[in-house]
Structures are given as C-alpha cells and as structure tokens.
Amino acid sequence: MLNWFGKSGFNRKNSNSNQVRDSLISNVSSVTICGSDTLDSNKLLKERLKRYENETARITSKFILTDKTSYLRKSRENDISKKIINIENSMNVDLCFVLDCTGSMESHITAAKDHILKVAAYVNQNNSNIKFCVGFCGYRDYSDDINEHLQIFDFTNSYEKFKTYITSKVTAKGGDDIPEDVLGGLNAAITRMTWSNATRILIHIGDAPPHGRNYTRDYDKYPKGDPKGLTAKRVLRRMQSNKILYHFGKINYSTDTMINNFREIIGDFPIFNLKKTGGDPARLINKFCNATCSAIFSSVMLTTTLKNTKSIYSLQKEKLQINPREPDWSTLSIKSGELLSYLLPNSLDEIMDDCYFFNSNFTIQEISFKLAPQPFSVGAERYAYFAFDTDLGQNEKLVVKKYHDVKSGSIERYLESVEVSSIAHFLATKFNLATEKINIKKKVKFIDVKVLCDKTESSTVYYSVEKYFSDAKFKRFNVNSGIITEFHSILEAFAHFTYQYTDGYLVVYDLQGVDLENEFLLTDPAIHCNDLLRFGITNLGIKGIQLCFLANHKCNNICEKLMLNEVVI
C-alpha cells in the first residue's frame, strides 16, 4: 500500500495494545471533581473494562485483571466477526414502493418511473457494496376495476424491468371519493410480496388518507373504515413483525391525520416532501431520488447500528417524546457544575499510548447553566438537550448529551467520548497542515467536547457538552459501517489520512456535522482501532478499518496529490 509520507513516514507498532493495562499504570493520577468525587486511572480503567464486559455479555469476575483483558479481547474478536456478518447482510436491501395510483397521482407515477435508474447509479457510485432489489405495489379504491384495484410487481434486481413495468402497466386512473384503499395497498405489499433481504424498506407515497372518520371528514363512501375489516393497527403491527421500515412521501395536508395515527402505533418515521414543484418534472424526479437514497442509507445504518428491529421501533417511539423547541428559559432554575476536559495530545505517540488519557490530568472550569427538561433529539446511543452558559448569556448556547444506558455517577464513558474527540481534533489539525501544502483551503474541524458534572443534583450526574451552532443544517456524511451518505472528497481523504498517519493503527469515521463555506465542523466521530479494548463497542478493529477504508473506497484526487507530493508532517 502506498504511504502518503514517503520514507519519512511512521513505521511503528503500538507496543501497548496487547499488554496488560495495569502494568502500564505505574503512576496513578487522580483528580477531585464535584466536591468529593475523586477519580484515578485505576478506577477509570476498571470501570471501562467492566463496561466492555457488560457489552459482550460475558462475566469475567473470576479472572484476575491479566486474564480479564485477554479474555475480553478474544470475546470482542468473536463479537466483531458476528457484527461484520450482520453489517454485510444489512447491505442487501428490499425496496418496495407503495403508490396511490388514482388520477391525481399521474405526475408522481411518472417521477417514480424515471428515477429508479438514477437511484441505482448514485448508490452504486459511492456504496457499491449495497445491493437492492426493487418492487412495486399500487392501489386505487374499492370501486375501481377489481383487476386494477391492486397492482403488484414482486422484487427484482433488474431496474430496467421495474421501469418497464411502471411505464407499461401502471397508469393514473380511478378514484371516486376522497379517501383511497391505503390499508389494502399496504397490507398487500406486506403480505403478498417476497421479502427476503435483511434490510426491508417500504416507501409509501400518496395524496389521500384511508377510509374512516378517524382519518378524514371529507366525502367518504366508507365512513366506518375499511369494508374488509382491515385496521391500521393490524396492518402496521404486521409490518413491524416482518421487520419492514416505513417511510412516507407527503404530497399534501390531507394525510396529516393519517401520519399522526400511524405514529401512535409505530412511533416516529421519516417523512419526505414530495409536493408538486410547478411545471418542472425534473425537480420532482430529484425529490424522489433524494428521498429514496436517504431511505436506503438511513435504513441500512439503523439495521447495522441497532441490535435488532425491535430496537429500531423502540427508538422511533422515543422520538415521539422529544421537544425540538427551546424551553422558556425564564421558568428554569440555574444549575452549578464543572466542565472537565483532557489536555490535548501533542504527538502520535500519545495517541497510540492506550493509557495516555487514563494518566492525563483534567482541566476543570466552574460553570453556571440552565438545562432544558426534555431532549430535542434522540439517537441510537444518546439524548441531546438544549442548554446555555448563564455567565455568558443565551448567546452561548450549548448541546448537552446523555447516554441512554449509563447510570448516574458513572463518568468513564463520557470521558471516552472526550478522548475520541481529542484524537480526532489532533488528526484534523495535522490533516489541515498537510492539505494547506497542496493548496486546499477548506478545513476539517471538530467541535470541542467536555464533560459536564451537574453539582445541583442529589447524586452526581454527568453529561457531555459542546457548543451549539444555530441556523446550520446538520448532516451525516458517512457512517461507522463504511456507508457514504453524502460524498465529499475532503472528508474521505481525511479518513484515509487518519489511517496512514497512524500507520494503520486507527481510522476516524462516522463523520457528521455542518458543511460551512470554509470548513466542515464535525462532532461525535467514531474510531476503529487495532486495539479492541479502546473506544467501546463501536470499535470494530481491523475489520472496521477495512469497512471504512480498505474495502470500499478509492483514493480521490486529494489522496493522490498528498501521495505524489510525499507530504510529511
């Protein structure tokens, strides 16, 4: 493999990665935080090993620390092998379009016909390891021709056949009253199509609700609901049991009540804006393409990052509890606390020393703050809350994050998130110096992350905290399983750089944040590392590095320029 740094590059091994950590902690560092809480490196090490033990669901209490680290490392290797199989399986996708095919839907049927080849080309360009089969279920209403009331085209990997079927067999016609046979269409797609792949996506597109007074007050021939007795609860529960992920393409406001009713049953789900765009059919096709690609990438990501489909639907239920608006700050009391952060590493040796952060001192800063009582966002691992530093006023807004499964009083996992952020920050600084030498202006930066200790609670509560950037569109550019959701050559080059700069020891990935004019401002990265007892369960070791770097991605022009110029830091 080519090395960007030529003969002057690093060629070292991490001597600590396979040694027992307790032998490395010769000088125990300690710090007092939040009054009486004292942390030392041995305590943090044991807490981290205990967490890894819980994550692997293997009890090692009968072992001494020497045996425990070896046992956990071997267990992690086995778990990673299983997870890689799950990730590979999740790249195989069933994609079904469920479409209202009544007269008002003509432009959307045309867009569906024209966009699928564009989707296939886009997915293959950046994520050639994702393979998807596409199918179709069209519905009209009970009063329409019985032979065309429901139209089903089962899954195929031939996108040309799909386009031909939509073009030749599906036309916009029929419809009498306002509602349509939405539940019949969904039920047919769920029960009569051959779902077989690990990731199963249903994209429902329609401009009318189901029958029944709980969906519409407009003219309805069947105000009591489906004449065959179908109910949304029965249909959607069947969809859940078949591990199918639901997405909806919204065209107008007549489906709002349906959306709310569906959410009460299955939780939150993605909604795409597919409203008509005047007389420009190309814009509608682009909307279809963007929505479909987003559905594929987000569904594969959920399938790979969460333990099972039950976890996915549980997360969707939790999303209904969030409050995206800032609270009335005047009604909330001021809290007092401390901000903790590590001293940033200064060298590659410090990054590759698995006990560097355990033995590092904290910087501690007093803070007064207000914290929103409800989260504004929830992800697979953490809740996010609005907050602000009261000493600096509401202009200094913060994002405070709390892990779902971390008990009060436990700081280790929060410190690990700061460790990951610190390493990413160090490598981004080196990357920016390198790209300056080949005249690339746009920078890669990571938001500074600290640990917040809330001193006002009866028991110690920790959070991670970072600056909030308002009026900025948050994006996910790539994910921990190697999927590129939005390609940017600079970000992919940065991932390559982290691998090369550390001589294959780690790669920084799962890049997400804000795309500004002169910089990418990123947060919450993940690290795959050769040492399996660093960076938690998201670390997939060498196999994770292969997913994000060696397996799928070709060097782009930035990588080539860095290599050709033998840029050395």
Would you say the side-chain atoms of [X] pair up with the backbone N or O of [Y], donor to acceptor, closer than 3.5 Å?
X	Y	result
Gln316	Ile266	yes
Asp94	Cys96	no
Arg73	Leu533	no
Thr538	Ala526	no

Between [X] and [Y], is any pair of side-chain heavy atoms under 4.5 Å apart?
X	Y	value
Leu117	Val119	no
Phe272	Ile205	no
Leu183	Tyr139	no
Cys293	Cys289	yes
Arg382	Ser417	yes
Phe520	Asp515	yes
Pro209	Val182	no
Cys101	Val170	yes

Sub-6.0 Å ring centroid separation between Phe494 and Phe446: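 Centroid separation for Phe494 and Phe446: below 6.0 Å.
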
Is the gap between the ring centers of His247 and Phe269 under 6.0 Å? no

Worked verdict on Glu77 versus Lys74 for salt bridge (charged side-chain N to carboxylate O under 4.0 Å, His left out): CA-CA 5 Å; Glu77 289 175 354; Lys74 185 63 177 178; 3.7 Å; yes

[atom1] of [X] to [atom2] of [Y]: how many Å apart, nearest 0.5 Å?
X	Y	atom1	atom2	result
Asn127	Ser481	CG	OG	8.5 Å
Asp79	Ile84	CG	CD1	11.5 Å
Glu180	Thr102	CD	OG1	4.0 Å
Leu506	Asp531	CG	CG	10.5 Å
Phe248	Ile271	CZ	CD1	7.5 Å
Ile527	Ile423	CD1	CD1	4.5 Å

Residues forming a salt bridge (charged side-chain N to carboxylate O under 4.0 Å, His left out) with Lys161, sequence neighbours excluded: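 Once residues adjacent in sequence are excluded, Lys161 has no partner under the salt bridge (charged side-chain N to carboxylate O under 4.0 Å, His left out) criterion.
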
Non-neighbouring partners of Glu419 that pass salt bridge (charged side-chain N to carboxylate O under 4.0 Å, His left out), sequence neighbours left out: Arg48, Arg534

According to ring-ring contact (aromatic ring centres under 6.0 Å, His included), who are the partners of [X], at least two apart in sequence or on a separate chain?
X	value
Tyr222	Tyr142, His211
Phe132	Tyr159
Phe535	none
Tyr403	Tyr414

Check the pair Glu466 / Lys401 against salt bridge (charged side-chain N to carboxylate O under 4.0 Å, His left out), numbers first and verdict last. CA-CA 9 Å; Glu466 59 194 52; Lys401 298 178 181 179; 3.4 Å; yes

Pairwise side chain to side chain donor-acceptor pair (under 3.5 Å) hits with a residue in residues 184-195, at least two apart: Asp154-Thr194, Asn187-Arg238

Please list all pairs passing the side chain to side chain donor-acceptor pair (under 3.5 Å) test where one or both residues lie in residues 105-121, with sequence neighbours left out.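 Passing the test, one end in residues 105-121: His115-Thr292, Lys118-Asn286.
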
With sequence neighbours excluded, tell me which residues meet side-chain hydrogen bond (donor to acceptor under 3.5 Å, both in side chains) with [X].
X	value
Glu486	Lys475, His488
Lys221	Asp176
Arg213	none

Can you see which heavy atom on [X] is nearest to which on [Y], and at what distance?
X	Y	answer
Ala424	Pro525	CB-CG, 3.9 Å
Asp510	Val479	OD1-CA, 3.5 Å
Gly135	Phe162	O-CE1, 3.6 Å
Leu202	Ala189	CD1-CB, 4.2 Å
Gly504	Asn530	O-ND2, 3.2 Å
Cys548	Asn480	SG-O, 3.4 Å

Without hydrogens or angle criteria, can the side chains of [X] and [Y] be said to hold a donor-acceptor pair below 3.5 Å?
X	Y	answer
Tyr509	His528	no
Asp524	Gln512	no
Glu160	Tyr165	no

What pairs of donor and acceptor atoms, side-chain ones from residues 254-264 against any protein atom, are under 3.5 angstrom apart with sequence neighbours left out?
residue	atom	partner	partner atom	Å
Ser254	OG	Asp207	O	2.9
Ser254	OG	Asn252	OD1	2.6
Thr255	OG1	Asn252	O	3.4
Asp256	OD1	Lys250	NZ	2.8
Asn260	ND2	Asp256	O	3.4
Asn261	ND2	Asn214	O	2.9
Arg263	NE	Asp268	OD1	3.1
Arg263	NH2	Asp268	OD1	3.3

